[in-house]
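Worksheet: one structure, shown below.
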Amino acid sequence: MRVQIAASTLLLALAGAASSQPASAQVQPTAPTGGDQGDNPAGHGSLSIAYFDTDINGFWLRSNIKLPFGVIHRQGAGLDASYNLSNAWTVYGGIRYFTSRYGGTLLVNCPTTAPPQCVDQPPLIPPHPESQFVDDGKYHGTWQDWNFGVAYHANIGGYFITPSATAFVPTHDYPTFGNAIAGQDLRQLLLSVTLSHQFDFTNYYYKLGYGYAFSQHVLGIDTGYQRFDAELGWFANERFSVRGFVTARAGFGARADLGPPPNPGNEHWFEKERTTQHDYHAAGVGFDYDFGKYVASANVQHEFWGDSSDDFKYSLEVRLTRSF
């Protein structure tokens, strides 16, 4: 059986965690791999629509220190398209929209050990206009980023290797301070490579991915990152497949810190959502069902480790893709 792995696989970036970790809310697309494009030769492609839902409860200041920053609920939608210029080259692009609501108390002026007496303190810094707008307990939505990319597909003895380059461009200058925000408002270029292979004489496959993101610097801080993905799947039959996956992100930014309250002119405080490193590990499960021209897919995942990162209880993606 030829590898046919749906293009909606491992994203932890899935509607992912938001606010202090808006990076995971970018829902970064994975380039279609050679196996994904097995039924789409030159002149063919796909259109898809996705729904994202994420529930966040707390913030990992360090991997062993979790702060009760409150609850964030984020929902979103994504539109994506791909087109095969040839049997080897695919171009793709998409856009994301997110709406979020925050409920909780911002912790400030606490030592990094975060003793309980810090939890219920009122904010000790002057309110920022952007945080007043997005953290009022209501849903706030906006278009996030465009993505545009190109991928090359190689099949070497049944091993599908797909290098790709994906550019992320903000749709506009949206708010980046607060908890109920849509993203980081960063221009980025993600270079990645994916290897997928179906084990001989079985219905099992694996998929490995690595990415390195070049990102704009904010206040002299590199906001780029590395990402790592691994997936193991099983084709139950010609139409239905299931999978388990792990994903991780290692950022180059600054570690989160709760120090003395900054003065109103401290731009490092107000840019912290963009400059924090946002490191995490997560695991999840998913499935794909092929209706012919349509493929229905779903993924759900849970974060099990974080550093300077929101702690999401679950992150869900549901997608419908049509081939043409």
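If you read the sequence from its start, that first residue is 1, and numbering goes on from there. Owing to the predicted nature of the structure, the values given are computational and were not obtained by experimental measurement.
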Problem set entry | Whether over 12 other heavy atoms sit under 6.0 Å from Y139 OH | yes
Exercise. With no hydrogens and no angle check, do the side chains of Y280 and D307 hold a donor and an acceptor under 3.5 Å apart?
Worked result: no
Exercise. Does Y83 belong to the same Ile/Leu/Val/Met/Phe/Trp/Tyr cluster as W89, with side-chain heavy atoms less than 4.5 Å apart forming each link?
Worked result: yes
For this session: Check whether the side chains of H172 and T142 place a donor and an acceptor atom closer than 3.5 Å, and report yes or no.
Result: yes
Exercise. Looking only at atom types and distance, does a side-chain atom of D279 sit under 3.5 Å from a main-chain N or O of G251, one as donor and one as acceptor?
Worked result: yes
Exercise. Should the pair K207-D229 be classified as a salt bridge under the 4.0 Å nitrogen-to-oxygen rule?
Worked result: no
Exercise. Can any side-chain N or O of R62 pair as donor or acceptor with the backbone N or O of A256 at less than 3.5 Å?
Worked result: yes
Exercise. Does V169 offer a backbone N or O that forms a donor-acceptor pair with the side chain of R187 under 3.5 Å?
Worked result: no
For this session: Decide yes or no on side chain to side chain contact (heavy atoms under 4.5 Å, CB included) for L316 and Q301, but give the supporting numbers first.
Result: CA-CA 7 Å; L316 171 71; Q301 62 183 302; over 6 Å; no
For this session: State yes or no: are the ring centers of Y225 and F252 separated by less than 6.0 Å?
Result: no
Exercise. Would you say N237's side chain and R239's backbone share a donor-acceptor pair under 3.5 angstrom?
Worked result: yes
Seminar exercise, completed: The residue among N84, N147, T166 that forms side-chain hydrogen bond (donor to acceptor under 3.5 Å, both in side chains) with Y92 is T166
Seminar exercise, completed: Value for CG (L208) from CZ (F228), rounded to nearest 0.5 Å, stands at 12.5 Å
Exercise. What distance do S164 atom OG and L190 atom CG have between them, rounded to the nearest 0.5 Å?
Worked result: 6.5 Å
For this session: Show the numbers, then the answer: is there a side chain to side chain contact (heavy atoms under 4.5 Å, CB included) between F168 and W146?
Result: CA-CA 6 Å; F168 298 90; W146 293 98; over 6 Å; no
Exercise. Just by modelled atom types, is the D55 backbone N or O under 3.5 Å from a matching donor or acceptor in the H73 side chain?
Worked result: no
Exercise. Under a 4.5 Å side-chain heavy-atom rule over Ile, Leu, Val, Met, Phe, Trp and Tyr, are Y314 and V318 clustered together?
Worked result: yes
Exercise. In terms of ring plane angle, is the pair Y97 and W143 parallel, tilted or perpendicular, where the classes change at 30° and 60°?
Worked result: perpendicular
For this session: Measure the spacing between CD of E273 and CG of D185 and express it to the nearest 0.5 Å.
Result: 12.5 Å
Problem set entry | Within-4.5 Å side-chain heavy-atom neighbours: R243 and L232 | no
Exercise. Is it true that the NZ or CZ of K293 lies under 6.0 Å from the centre of F324's six-membered ring and within 45 degrees of the ring axis?
Worked result: no
Problem set entry | Residue among F160, W234, F235 satisfying ring pair (Phe, Tyr, Trp, His ring centres under 6.0 Å) with Y205 | F235
Exercise. Side chain of E271, backbone of T275: donor and acceptor closer than 3.5 Å?
Worked result: no
Problem set entry | Exam field: side chain Q144 to backbone A182, donor-acceptor pair closer than 3.5 Å | yes
Problem set entry | Polar side-chain atom of T223 near backbone of Q216 as donor-acceptor pair, under 3.5 Å | yes
For this session: Kindly work out whether a path of hydrophobic side-chain contacts (I/L/V/M/F/W/Y, heavy atoms less than 4.5 Å apart) joins L47 to V150.
Result: yes
For this session: Look only at the side chain of R249 and the backbone of H278, and say whether a donor-acceptor pair between them is shorter than 3.5 Å.
Result: yes
For this session: Please check if the side chain of E303 supplies one atom and the backbone of A282 the other of a donor-acceptor pair under 3.5 Å.
Result: no
For this session: Give a yes or no on whether the ring-centroid distance for Y212 and F214 is below 6.0 angstrom.
Result: yes
Problem set entry | Y159 ring center near H197 ring center (under 6.0 Å) | yes
For this session: Under the ring pair (Phe, Tyr, Trp, His ring centres under 6.0 Å) rule, collect the residues that match up with F199, sequence neighbours excluded.
Result: Y206
For this session: Go through the steps to decide whether K66 and L61 satisfy the test side chain to side chain contact (heavy atoms under 4.5 Å, CB included), and finish with yes or no.
Result: CA-CA 6 Å; K66 182 180 176 181; L61 181 66; over 6 Å; no
Exercise. For R319, which of D80, D288, I49 qualifies under side-chain contact (heavy atoms from CB on, under 4.5 Å)?
Worked result: D80
Exercise. Is F148 linked to L79 within one hydrophobic cluster, defined over Ile, Leu, Val, Met, Phe, Trp and Tyr using a side-chain heavy-atom separation of less than 4.5 Å?
Worked result: yes
Problem set entry | Lys/Arg-Asp/Glu bridge criterion (N-O < 4.0 Å) met for D145, R96 | no
